[in-house]
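Keep in mind that the numbers below use all heavy atoms, side chains included, and drop hydrogens, waters and symmetry copies. Owing to the predicted nature of the structure, the values given are computational and were not obtained by experimental measurement.
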Amino acid sequence: MAEKALEEEEQSVVVGLGSYKGKVRVINNTTNSEDYAAEEIMLLWGIQQPLLSKNNAFVAQSSLQLRIDACGRSLSILQSPSSLGAPGVTGSVMWDSGVILGKFLEHSVELGAISLQEKKVVELGSGCGLVGCLASLLGAQVILTDLPDRLRLLKKNVETNLYGEVRGSATVNELTWGDNLDPDLRDPSPDYVLGSDVIYSEEAVMDLLETLVELCGRQTTIILAGELRNDAILEYFLEAATKEFIVGRVDQKQWHPDYCSLRVVIYVLVKR
C-alpha cells in the first residue's frame, strides 16, 4: 500500500503552482475523485508518521525570546509564554511551522522559486510576526494581521526587528476571520497570502476559508504551513478548501535543508 501511495505521489507532482515555481504534489488535480482530503491524510499520517518525530524542534516556547538568523541579520522574536494557557491563544509564542515557513521563503527566494520584491503580501494570524518580518526583509510590502488582543506583541516584534535598511515594508492591521475586510487588504488583491499554524480548530476553518476566498484574486498565491497535530481538523480544512482552490503540497526537498520536520506540512493554494 505504501508503494502504491508513493507512486500516486509522483504522478501528481507538477512544477509551479501560482507564483511558486517549485515542485508541488497537487492533491486535487482530477475531476473523478471526491476523496482528495482522505487520500492526503492517509499519505501524511501513513508515510510521514508525524507524531513519531520531535515536537517543537526549532522553538523554545517557555522562553521570552526566540533568536533566529535569517536574511543577513539576527532576529529577536519576543514571546509571551504566560498567555499560552488561555483558551484559543496560540499566537503568543512561536511554533515550528512559523520558523519553517519563514526559512522556506528565504530559501525559495534564493533559489528563484519565489519573488517577493515589491509584492503585496498579507499574512493571516501573524502571531509573533516572524514570517511577515522575513517577507519584508525579502522585499515584500507586508500587511501583518491578527486579532485585536494579539497586536501589541506583534507590533513590538515588527518595530524591534525591522530596523535600518529594509528592502520591503511592514504594517500591522487588525483582522478577525469571517469579518468584512479592510479595503487596504483586498484592493488591490495581494500577490501572496501567508499563514502558519492557522488550521487549528474546526470552528476557525470556515471563517479562515471565507476570508481567503474574499481576500484572494486569481493572481494570488496562498502559502500555508501547518502543524500536523490532528488529522480530522486538517481533513476538514482540505475537504472545504479543495472546492474553492487548487491545493498543492510542497515536498520537503524544496524546503530549507536545515529547517525540515515531519510534523509540519506546507501547502500552496490558488483559486480555481
Quiz item: Do you know the tightest heavy-atom contact between Gln65 and Ser76?
Solution: NE2-OG, 2.7 Å
Self-check item: Which atom of Leu185 lies closest to which atom of Thr145, heavy atoms considered
Solution: CD2-CG2, 4.1 Å
Practice problem: For the pair Glu210 and Met206, evaluate side-chain contact (heavy atoms from CB on, under 4.5 Å) and give the outcome as yes or no after the intermediate values. | Solution: CA-CA 6 Å; Glu210 181 181 336; Met206 296 314 296; over 6 Å; no
Self-check item: Min side-chain heavy-atom separation Leu17-Thr221 under 4.5 Å
Solution: no
Self-check item: Which atom of Gly18 lies closest to which atom of Val270, heavy atoms considered
Solution: CA-CG1, 3.6 Å
Quiz item: For Val193, which of Ile223, Leu124, Val121, Thr211 qualifies under side-chain contact (heavy atoms from CB on, under 4.5 Å)?
Solution: Leu124
Quiz item: Given Leu238, which of Arg249, Lys243, Glu40 fulfils the side-chain contact (heavy atoms from CB on, under 4.5 Å) condition?
Solution: Glu40
Practice problem: Working to the nearest 0.5 Å, report the span between CG of Leu75 and CG of Leu162. | Solution: 7.5 Å
Quiz item: Any donor-acceptor pair under 3.5 Å linking the side chain of Gln61 with the backbone of Met94?
Solution: yes
Practice problem: Kindly check if the number of other-residue, nucleotide or ligand heavy atoms within 6.0 Å of CD (Gln117) is above 12? | Solution: yes
Quiz prompt | Exceeds 12 heavy-atom contacts within 6.0 angstrom, atom CG of Asp258 | solution = yes
Quiz item: Are more than 12 heavy atoms from other residues, nucleotides or ligands located less than 6.0 Å from atom CZ of Arg167?
Solution: yes
Quiz item: Are Leu66 and Val99 close enough that some pair of their side-chain heavy atoms sits under 4.5 Å apart?
Solution: yes
Practice problem: Answer yes or no: is there a donor N or O on one side and an acceptor on the other, between the side chain of Lys120 and the main chain of Pro188, under 3.5 Å? | Solution: yes
Practice problem: Looking only at non-hydrogen atoms, find the nearest pair between Ser108 and Tyr20 and report the distance. | Solution: OG-CE1, 4.0 Å
Quiz item: Are Val198 and Val213 in one and the same hydrophobic cluster, where Ile, Leu, Val, Met, Phe, Trp and Tyr link if side-chain heavy atoms are under 4.5 Å apart?
Solution: yes
Quiz item: Side chains of Leu44 and Leu234: closer than 4.5 Å at any heavy-atom pair?
Solution: yes
Quiz item: Got a sec: does the NZ of Lys271 have more than 12 other heavy atoms crowding it under 6.0 Å?
Solution: yes
Quiz item: With side chains defined as the heavy atoms from C-beta onward, is the minimum distance between Leu194 and Ser126 less than 4.5 Å?
Solution: no
Quiz prompt | Heavy-atom donor-acceptor pair, Ser201 side chain to Ala204 backbone, under 3.5 Å | solution = yes
Quiz item: Are any non-hydrogen side-chain atoms of Val264 and Phe58 less than 4.5 angstrom apart?
Solution: no
Quiz item: Is any side-chain heavy atom of Leu154 closer than 4.5 Å to a side-chain heavy atom of Val172?
Solution: yes
Quiz prompt | Point-to-point distance, once rounded to the nearest 0.5 Å, from CG of Leu215 to CG of Leu208 | solution = 10.5 Å
Quiz item: For Val265, which of Leu228, Leu224, Val250 qualifies under side-chain contact (heavy atoms from CB on, under 4.5 Å)?
Solution: Leu228
Self-check item: Residues Lys103 and Glu106 bridged, charged N to O under 4.0 Å
Solution: yes
Quiz item: Does the side chain of Asp182 reach to within under 4.5 Å of the side chain of Leu175, using non-hydrogen atoms?
Solution: no
Exercise. Check whether any side-chain heavy atom of His107 lies under 4.5 Å from a side-chain heavy atom of Pro257, and answer yes or no.
Key: yes
Quiz prompt | Asn157 (side chain) donor-acceptor with Ile77 (main chain) under 3.5 angstrom | solution = no
Practice problem: Decide whether Val59 and Leu64 are clustered together by the hydrophobic rule: side chain heavy atoms of Ile, Leu, Val, Met, Phe, Trp, Tyr closer than 4.5 Å, transitively. | Solution: no
Quiz item: Can you tell me if Gln48 uses its side chain to pair, donor with acceptor, with the backbone of Leu262 under 3.5 Å?
Solution: yes
Self-check item: Ile246/Val26 under side-chain contact (heavy atoms from CB on, under 4.5 Å): CA gap, chis, key distance, verdict
Solution: CA-CA 7 Å; Ile246 298 172; Val26 178; 3.8 Å; yes
Quiz item: Going from OG on Ser19 to CG on Asp191, what distance comes out if it is rounded to the nearest 0.5 angstrom?
Solution: 6.5 Å
Quiz item: Nearest heavy-atom pair of Val158 and Cys133: which atoms, and what distance?
Solution: CA-SG, 4.0 Å
Exercise. Mark yes or no for whether Asp96, through its side chain, and Ala57, through its backbone, hold a donor-acceptor pair below 3.5 Å.
Key: yes
Exercise. Please check if the side chain of Gln79 supplies one atom and the backbone of Ser63 the other of a donor-acceptor pair under 3.5 Å.
Key: yes
Exercise. List the steps and the verdict of side-chain contact (heavy atoms from CB on, under 4.5 Å) for Asp251 and Lys23.
Key: CA-CA 7 Å; Asp251 188 274; Lys23 292 182 180 180; 5.7 Å; no
Exercise. For the pair Thr220 (side chain) and Pro190 (backbone), establish whether a donor and an acceptor sit closer than 3.5 Å, ignoring hydrogens and angles.
Key: yes
Quiz item: Is a side-chain donor or acceptor of Ser92 paired with a backbone partner of Pro81 at a separation under 3.5 angstrom?
Solution: no
Quiz prompt | Atom pair CG (Asp197) and CD1 (Ile100), whose distance is rounded to the nearest 0.5 Å | solution = 11.0 Å
Practice problem: Starting at CZ of Arg263, measure out to NZ of Lys54 and round the result to the nearest 0.5 Å. | Solution: 11.5 Å
Quiz item: Do Trp255 and Val14 belong together in a cluster built from hydrophobic side chains that touch within less than 4.5 Å?
Solution: yes
Quiz item: Which pair of heavy atoms, one from Gly168 and one from Gln141, lies closest together, and at what distance?
Solution: CA-NE2, 4.0 Å
Quiz item: Does Arg73 have any side chain to side chain donor-acceptor pair (under 3.5 Å) partners at least two apart in sequence or in another chain, and if so, which?
Solution: none
Exercise. Begin with the C-alpha distance, continue with both residues' side-chain angles, and end with the deciding distance and a verdict on side-chain contact (heavy atoms from CB on, under 4.5 Å) for Ile27 and Leu43.
Key: CA-CA 11 Å; Ile27 72 171; Leu43 286 168; over 6 Å; no
Quiz item: Are the side chain of Ser136 and the backbone of Gly132 linked by a donor-acceptor contact shorter than 3.5 Å?
Solution: no
Quiz item: Rounded to the nearest 0.5 Å, what separation is found between the CH2 atom of Trp95 and the CG atom of Leu101?
Solution: 16.0 Å
